[in-house]
Protein chains: 2
Amino acid sequence: MTQPKPFRDLCAEHGIAVTHQRQVLYEVMQGMEGHPSPEEVYARVREQIPSISLATVYKNIHLFVESGVLREVSLHHGSIRVEMNDEDHHHMVCSKCKAIADIGEDELGLETKRRMLPGGFLVERFSVDVIGICANCQREAAPSSSTRN
Amino acid sequence: MTQPKPFRDLCAEHGIAVTHQRQVLYEVMQGMEGHPSPEEVYARVREQIPSISLATVYKNIHLFVESGVLREVSLHHGSIRVEMNDEDHHHMVCSKCKAIADIGEDELGLETKRRMLPGGFLVERFSVDVIGICANCQREAAPSSSTRN
DNA sequence: ATTTCTGCAAAACCTTTGCAAGCCG
DNA sequence: CGGCTTGCAAAGGTTTTGCAGAAAT
């Protein structure tokens with residue numbers, strides 16, 4: 001079992017109260033792929049707690065982000081996105097359809113050696129958005145060579 | 001002279017009309033350091049065209065972005081940011097004070113060799129946010145070792 | 001019992017849109 | 001002129017805030 005400290009201890013560590021809403025919010029987010037918006041999270045949590053309010057979702061997402069429980073990602077998107085994936089990874093953003101996919105640090109083929117940058121900036125982590133064209137959009141954009149598609 | 005095609009030709013290339021507002025907007029943005037928000041750009045343009053409206057600024061920023069005249073950057077910020085810096089560069093975002101500084105592709109020490117990623121994603125460019133602590137915040141956060149500061 | 005949290009509703013942004021008048025080509 | 005652009009004002013969407021009641025420690 002890899003979750004001996006499910007949620008109570010996370011809350012304890014960060015000095016926040018354990019509420020039913022937070023518990024469900026946390027679990028729902030754990031189970032969501034990709035980069036859900038607050039609205040999307042809200043919709044899912046509602047299935048379990050119909051009376052929850054969007055404001056509560058926002059408040060707790062912020063709380064979680066500030067506590068380091070999860071990570072905020074600012075993609076080339078309009079609204080806040082959040083992700084639970086805590087492995088080092090980055091994002092491929094399709095400039096045509098705006099789809100976002102994760103890509104592992106190693107698959108990316110980036111070498112991130114420096115821990116200190118010019119100007120004395122101390123590196124915590126790298127957040128890479130690879131802008132490009134996803135496989136689907138490449139197919140659509142190549143009408144002639146797609147004969148064998 | 002490096003600007004033989006100041007603005008008229010840019011517009012011609014992209015098939016958009018040359019208006020006074022666009023001309024001033026473009027020049028103002030050229031002259032702004034960093035990553036101004038639409039509001040900040042608006043404030044500057046207003047100095048020259050007091051009657052300009054924020055809506056016009058938004059419309060034309062979008063037009064410029066779509067035309068490729070400038071680049072939209074989505075940092076770890078709330079609103080759209082824009083930049084004229086068309087050299088390949090990335091951003092250092094301080095997780096304490098949220099300050100943003102540019103860093104050149106080479107200074108970053110990243111090797112970005114691949115043009116194609118797993119899943120058939122065709123790379124156009126990399127947009128790297130380095131999250132970390134800027135020199136100022138490091139000083140403030142180190143009360144003991146800052147004696148000789 | 002106190003402090004913290006929730007849900008509601010209103011407010012505060014930020015950004016977009018519709019439209020009449022004006023400018024560009 | 002005809003079409004694109006502007007400015008205004010209003011609408012739209014997202015996120016935040018204030019507060020009374022409810023839950024947590």
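A, B, ... follow the sequence lines: proteins, then strands. Residue 1 opens every chain. Side-chain atoms are counted along with the backbone in the values below, which use heavy atoms only and exclude waters and symmetry mates.
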May I ask you to test the [X]-[Y] pair for a side-chain heavy-atom distance under 4.5 Å?
X: A:I52; Y: A:R46; result: yes
X: A:H14; Y: A:L63; result: no
X: B:H90; Y: B:V130; result: no

Worksheet, complete the sentence: Checking D:dT17, C:dG25, C:dC5 against the side chain of A:T19 (C-beta onward), the nearest is C:dC5
Side-chain N or O of [X] versus OP1/OP2 of [N]: is the shortest distance under 4.0 Å?
X: A:H62; N: D:dT16; result: yes
X: A:R22; N: D:dA24; result: no
X: B:S51; N: D:dG7; result: yes
X: A:Q21; N: C:dG7; result: yes
X: A:S37; N: D:dT14; result: no

Heavy atoms under 4.0 Å, any strand shown: does [X] hit a base, just sugar-phosphate, or nothing?
X: B:I52; result: sugar-phosphate
X: A:A17; result: sugar-phosphate
X: A:T56; result: base

Whole-Å distance separating the [atom1] atom of [X] from the [atom2] atom of [N]:
X: B:Q23; N: D:dT6; atom1: CD; atom2: C1'; value: 16 Å
X: B:I16; N: C:dC23; atom1: CD1; atom2: P; value: 19 Å
X: B:I61; N: D:dT5; atom1: CD1; atom2: C1'; value: 16 Å
X: A:F7; N: D:dA24; atom1: CZ; atom2: P; value: 12 Å
X: B:L54; N: C:dT16; atom1: CG; atom2: C1'; value: 11 Å
X: A:K59; N: C:dA9; atom1: NZ; atom2: C1'; value: 11 Å
X: B:H20; N: C:dG22; atom1: NE2; atom2: C1'; value: 15 Å
X: A:N60; N: D:dA24; atom1: CG; atom2: P; value: 13 Å

Item to complete: Could you label the plane-to-plane angle of the A:F7 and A:F64 rings as parallel, tilted or perpendicular, counting under 30° as parallel and over 60° as perpendicular?
Response: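 Perpendicular: the ring planes of A:F7 and A:F64 meet at over 60°.
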Worksheet item: For the residue pair A:L54 and A:Y42, what are the closest heavy atoms and their distance?
Response: N-CE1, 3.5 Å
Discussion item. Nearest heavy atom decides the nucleotide; on that basis, is B:A55 or B:V18 closer to the 5' end of DNA chain C?
Written reply: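 The residue mapped nearer the 5' terminus is B:A55.
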